[in-house]
Amino acid sequence: MAAPSVEYTIGGVKIQFPCKAYPSQLAMMNSIVRGLNHGQHCLLESPTGSGKSLALLCSALAWQQKNLYCSVSHTPNPLAQLSLYIFQFNTNVDTFVSVCSVPPPPEEYKPKSLASRLSDKLQTSLTSEDDDFQPDRKRIRTPAMEQKVGHLIEFIVFLWVAILTISLTFLICPCFKFQGIQNLRKKQVPKIFFGTRTHKQITQIAHEMKRTLYSSAPMTILSSRDHTCVHPEVVPHSNRNERCKELLEAKNGVSCRFKNGVHKMQDQNTLQWVHGLHQAWDIEDLVRLGGRLRACSYYAARDLMQEACIVFCPYNYLLDPLIRESMQINLKGQIVVLDEAHNIEDCARESASYTLNKPQLLSAREELDGMVTHNIRRSNHEPLRAFCCSLLNCSVLAEREYEMSCKVWNGKEVLGLFHTMGITADTFAMLQKHLAAVLEKEERVGLVNGREDTVEVPTISSASSSVLKSLFMVLDFLYRDKSRFAEDYRVALQQSYAWTTAPDVPDAQGFFARPNRRRHSAKTKTLVHTLSFWCLNPAVAFSDLSDSVHSIVLTSGTLSPMGSFSSELGVKFSIQLEASHVISKSQVWVGTLGSGPQGRKLCATFQHAETYAFQDEVGALLLRVCQAVGRGVLCFLPSYKMLDKLRDRWTNTGLWEKLEERKTVITEPRGGGKGDFDELLQVYYDAIRISGEFAGDRALLMAVCRGKVSEGLDFTDDNARAVVTIGIPFPNIKDLQVELKMKYNDQHCKARGLLSGSRWYEIQAYRALNQALGRCIRHKNDWGALILVDDRFGNNPNKYISGTEINYHMLQPLEIHVLTNKPSNVPVVLHNV
C-alpha cells in the first residue's frame with residue numbers, strides 16, 4: 001500500500017503527491033497543469049536529482065483523471081458514471097480502501113487469532129442469557145467514521161441505482177450496447193505518451209510511478225523485440241525481427257505459438273486483476289508474465305496501448321514517423337511528455353535522416369529485378385526498380401587511393417537531380433502507391449503439387465522494404481508542402497576505404513588452414529560508398545507533433561539556453577520554467593584542476609591527449625582521487641577512444657593494477673547487449689555495498705560522456721561520492737555532419753534565432769558535461785564532490801561554465817583532499833594528502 005500522500009490543488013486539479021513536494025516540484029506541477037489546461041507547450045528545466053519525474057507523473061495523471069471525471073459526470077448515461085466509479089476504484093485502490101474501512105478503537109485493541117475469536121464466541125453463546133433481555137450496546141462513531149460510512153453507503157446506493165438502470169435499459173432497448181469508460185477515455189480524454197531516452201530510464205520512471213496513488217492507472221511500455229520477445233527459437237537469434245516475422249508468416253509451416261496466446265494478457269483488467277500487475281510494472285515484469293503464460297509480450301504491450309492511460313516508450317518511438325507507423329501510434333490530440341529532453345534535437349534530426357550503403361541498394365534492386373522477371377506485380381515493381389537504378393547511377397566519385405572523397409548537395413540541388421531522373425512531387429506520389437501495393441499481402445488460387453490451392457503472393461524481404469520505406473520517408477519530407485523543408489537537408493555521397501578480412505577458402509583437399517598458419521595478407525582494402533540524407537533542422541521531424549498533439553512537455557536538467565532550444569525545434573513554448581536546485585551549496589563541492597600531481601598542464605585536446613605525459617599525469621591524478629574519496633567514484637571521459645587508450649597505457653605502466661588494489665574498477669562497454677551492461681552495473685553496486693574487512697575502498701566506474709552511464713542512471717548516496725570529468729566532450733569537429741550543421745546554423749542564425757555554429761558546437765559539449773556531473777546529487781540529502789579536470793576551465797571559466805548547472809562562484813582551485821563521512825558544515829574534510 002502506498003505511503004500517505006499530500007494533496008495539492010493546482011489550477012483546479014487535485015494532485016495526490018507521495019510526500020511533501022519541493023518548491024521546484026510545485027513550480028513544475030503548476031507549469032504542467034497550466035499547459036494542459038490551455039493546450040499549450042511547456043519547456044521546463046529542473047536540475048538533475050530534484051524530483052522532476054515524480055512531478056511530471058503526478059500532475060499529468062491527476063489532470064487526466066480530473067478531465068475524465070468531468071467528461072463522464074456531464075453525460076446523462078449512468079453506465080458511464082458507473083464505469084467512472086470503477087475506474088477510480090482501479091486507479092486509486094488505496095484511497096478507496098481507506099474510505100471504506102472502519103478503524104478499530106484506539107484503546108484496548110489487540111489483534112486476535114482466528115482460533116481465539118472462535119473460542120470467545122463459543123463461550124459467549126454458552127454463558128449468555130436470552131438476547132432479548134440483554135441491555136442494548138451502543139456503538140460509538142467518531143465524525144471521521146461517520147464520513148467514511150457515508151461514502152460507503154453513497155457508493156452502494158449509486159451502484160444499485162446503476163444496476164437497476166442497466167436492467168431497465170436492456171429491457172426497453174435490447175440493441176443497447178454498453179459503452180464503458182475506455183471508450184470515453186479514447187474519445188475525449190488524451191492519453192499520456194511518456195518518452196525518455198532509454199529503457200533503463202523507463203524502469204526508473206515506473207519505479208517512481210509505483211510510489212504514487214496513481215500506480216494502478218492502466219499503462220503499457222512499448223519496446224522492441226530485443227527487449228520483449230520470449231520465444232525460445234527467436235531469443236538466441238542474431239536478428240530477432242527477421243526470425244519473428246518468419247514465424248508469423250509461417251513460411252516453414254510453423255507459426256508462432258506465443259503470438260497465438262497473446263489474448264491471455266492483452267486486456268488491462270485481466271493484466272491487473274487476474275495476473276496481479278495491479279501497480280505500475282516494468283517491462284521485465286511483462287516479459288516474465290509472457291514466459292509463464294507462453295504469450296507474446298511484444299504484441300501484448302502494443303495491444304495494451306488501446307486502453308492505457310499512460311504509455312511509456314523511448315522518445316524516438318514518438319519522433320520517428322516509420323516507428324510510429326509500425327507501432328500504430330496516433331498522437332493526434334494526445335499529451336506528449338519527453339523527459340531527459342536535452343538530446344531531443346539530435347534524436348529529431350536522426351528521425352528525419354537516413355543513410356544507406358551501395359550493397360543495400362544493390363540488394364533491393366536485384367530483388368525487385370527478380371519480381372519483374374517472374375512477372376509478380378510487374379506494373380508495381382518496375383517503377384520501384386527504375387528508382388533504385390537511378391540512385392545507383394546518380395553520381396560516381398573518382399577513386400582516390402587511400403583517400404576519402406565526398407560530394408554534398410543541398411536540398412534544392414537534390415530536387416533538381418531527382419527531376420532529371422523523372423522524379424517530381426507528382427511521380428513520387430505514384431511511387432508511394434506502388435510501394436504500398438507491393439507490400440500488401442494477397443492470396444491467389446494456384447496449382448500446388450498438381451492441385452488447386454490458395455497461395456500467398458510473394459513480397460519483397462523486410463530488408464528491401466526497410467530501405468524503400470526509409471528513402472520514401474525522406475522524400476516525403478523533401479516534397480512536403482511545396483518543398484518547404486528542402487533547404488533543411490544535405491545529401492552526401494561519401495567514398496572511403498575499409499579493411500576487411502577475406503573469408504576462409506578451403507584448399508584443394510577441402511581443408512581450412514589453422515588460425516596460426518593463416519597469412520597476414522588475409523585483409524583486403526574494400527571501397528565503401530554511402531549515401532546520406534541528413535536533416536539539419538530538428539523542426540522537420542517535430543512538425544508532425546507540434547501541429548497535432550494537445551500539449552508537448554519537454555523537461556531536462558540541461559535545456560539552457562532555452563530560447564535557442566525553442567527556435568531549433570520550431571515550437572512555441574508558451575510556458576517555460578528554470579527551477580532551482582533542492583540542495584544547499586554546502587552539500588556539493590565543485591573544483592577545477594588545470595594540472596596534475598607532477599605539475600604538468602592538463603589540457604585534453606587531441607594533440608595533448610595522445611601523449612604519454614598527459615596519460616600518465618591523468619592516471620596519477622585519478623589514483624590520488626581514489627585514495628582520497630571513499631565509496632563510489634565515477635570518472636567520465638570525452639570518448640571511448642580515449643578510454644581505450646588510457647586503459648592500455650595504464651595497464652602497461654602498472655597504474656591500472658594500483659587502481660585495482662584501491663578499488664574495484666569497472667569500465668563502460670562500448671557495445672554489447674543489455675544484459676552485459678546490467679551485469680557490470682550490478683558488480684559496481686555490489687562492490688560498494690560490501691562492508692567489513694574485505695570491503696576495500698569500494699569501486700571506480702570509468703565511463704564516457706553521452707554513453708550509457710552518463711544519462712538517466714541514478715547513482716545515489718555512496719554510489720557516487722565524487723564525479724571526475726576529464727576534458728570537454730565536444731562533438732567530433734572532423735565529422736562531416738557536424739561541419740554541415742555548424743554551417744547551416746551560421747546561415748540561419750539571424751533569420752530563425754538559432755545559435756551560431758560555434759556556439760551550438762560548444763553547447764553540445766556543456767549539456768553532455770552537465771549530464772555526467774548530474775549523476776552525483778540525486779536527492780535533497782545527498783552530497784558529494786564534482787571535479788572538472790582541464791586547464792581550459794580555469795583559464796576562461798565564463799566561456800566554459802555558462803549555461804551549466806554549476807554556479808561560477810562555487811568553483812575554486814582544487815588540491816586533492818580526503819572525502820569522508822559528511823561532517824556538520826560541508827561534505828568535504830579538506831586536508832592535504
Side-chain angles (χ1 to χ4, degrees), residues 404 590-626 633-660 665-671 700-711 722-739 742 758 761-773 775 786-797 799-801 804 806 811 813-814 816:
M404 177 178 177
V590 186
T592 62
L593 266 173
S595 59
Q598 305 301 322
R600 294 192 183 98
K601 178 182 173 182
L602 293 174
C603 184
T605 58
F606 177 77
Q607 294 84 354
H608 291 91
E610 292 292 312
T611 64
Y612 288 151
F614 172 85
Q615 295 169 10
D616 293 342
E617 194 77 354
V618 167
L621 169 64
L622 187 59
L623 180 60
R624 295 281 291 274
V625 172
C626 290
V633 175
L634 304 180
C635 178
F636 289 99
L637 299 163
S639 66
Y640 286 105
K641 182 180 179 182
M642 182 181 286
L643 175 59
D644 294 339
K645 283 185 176 295
L646 291 179
R647 181 171 52 190
D648 293 343
R649 174 62 180 171
W650 296 348
T651 301
N652 293 332
T653 62
L655 182 66
W656 191 265
E657 185 179 350
K658 292 180 181 178
L659 286 171
E660 289 184 323
V665 183
I666 309 294
T667 57
E668 177 183 347
R670 184 191 293 262
L700 165 67
L701 177 56
M702 298 191 65
V704 174
C705 292
R706 299 188 187 88
K708 305 179 187 72
V709 175
S710 65
E711 301 186 21
V723 173
V724 182
T725 63
I726 298 173
I728 304 173
F730 288 109
N732 184 3
I733 192 66
K734 295 184 179 181
D735 189 301
L736 178 59
Q737 192 173 1
V738 172
E739 178 188 339
M742 292 173 66
S758 59
Y761 182 72
E762 291 172 351
I763 289 296
Q764 299 304 302
Y766 306 146
R767 285 177 178 161
L769 185 69
N770 286 336
Q771 283 299 312
L773 294 171
R775 298 313 95 204
L786 308 179
I787 305 171
L788 294 83
V789 180
D790 199 288
D791 183 61
R792 289 169 287 183
F793 289 118
N795 288 341
N796 194 349
K799 176 181 178 182
Y800 291 101
I801 304 301
T804 69
I806 307 166
L811 286 171
L814 175 68
I816 305 301

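Side-chain atoms of E668 come within 3.5 Å of backbone atoms of K708 as a donor-acceptor pair (strictly under, hydrogens ignored). A donor-acceptor pair under 3.5 Å is absent between the side-chain atoms of K658 and the main chain of A620, judged by distance alone. Using a distance-only test at 3.5 Å, with no hydrogens or angles considered, a donor-acceptor pair links the side chain of E617 to the main chain of Q598. Using a distance-only test at 3.5 Å, with no hydrogens or angles considered, no donor-acceptor pair links the side chain of R624 to the main chain of G596. No donor-acceptor pair under 3.5 Å is formed between the side chain of D735 and the backbone N or O of P731.
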Stepwise side chain to side chain contact (heavy atoms under 4.5 Å, CB included) test for L773 and F636: CA-CA 9 Å; L773 294 171; F636 289 99; over 6 Å; no
Pair F793-L593, side chain to side chain contact (heavy atoms under 4.5 Å, CB included): steps then yes or no: CA-CA 8 Å; F793 289 118; L593 266 173; over 6 Å; no
L634 and V724: CA distance, side-chain angles, deciding distance, side chain to side chain contact (heavy atoms under 4.5 Å, CB included) verdict: CA-CA 6 Å; L634 304 180; V724 182; over 6 Å; no
CA sep, side-chain torsions, deciding dist, call: D790, I726, side chain to side chain contact (heavy atoms under 4.5 Å, CB included): CA-CA 6 Å; D790 199 288; I726 298 173; over 6 Å; no
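Within the 4.5 Å cutoff, the side chain of R706 has heavy atoms near those of the Q764 side chain. Using a 4.5 Å cut-off on side-chain heavy atoms (C-beta onward), V625 and I787 make contact. Taking the side chain as every heavy atom from C-beta outward, M702 and I666 never approach each other to under 4.5 Å. A 4.5 Å side-chain heavy-atom check between L701 and V709 finds at least one atom pair inside the cut-off. Between V738 and N732 there is no side-chain heavy-atom pair separated by less than 4.5 Å. For the pair P729 and L769, the minimum side-chain heavy-atom distance is below 4.5 Å. A 4.5 Å side-chain heavy-atom check between E739 and L736 finds at least one atom pair inside the cut-off.
Note on E610 versus K645: salt bridge recorded, some NZ/NE/NH1/NH2 to OD/OE distance being below 4.0 Å. Salt-bridge formation is not detected for the pair D644/K641: no Lys NZ or Arg NE/NH1/NH2 atom is positioned less than 4.0 Å from an Asp or Glu carboxylate oxygen.
A cation-pi contact, defined as under 6.0 Å to the ring centre and within 45° of the axis, is absent between R600 and F614.
In this view, S595 satisfies the side-chain contact (heavy atoms from CB on, under 4.5 Å) rule with no residue, not counting sequence neighbours.
A donor atom on one side chain and an acceptor atom on the other are not found under 3.5 Å apart for S710 and R775.
Here the straight-line distance linking atom OG1 of T605 with atom CZ of R792 works out to 6.0 Å at 0.5 Å rounding.
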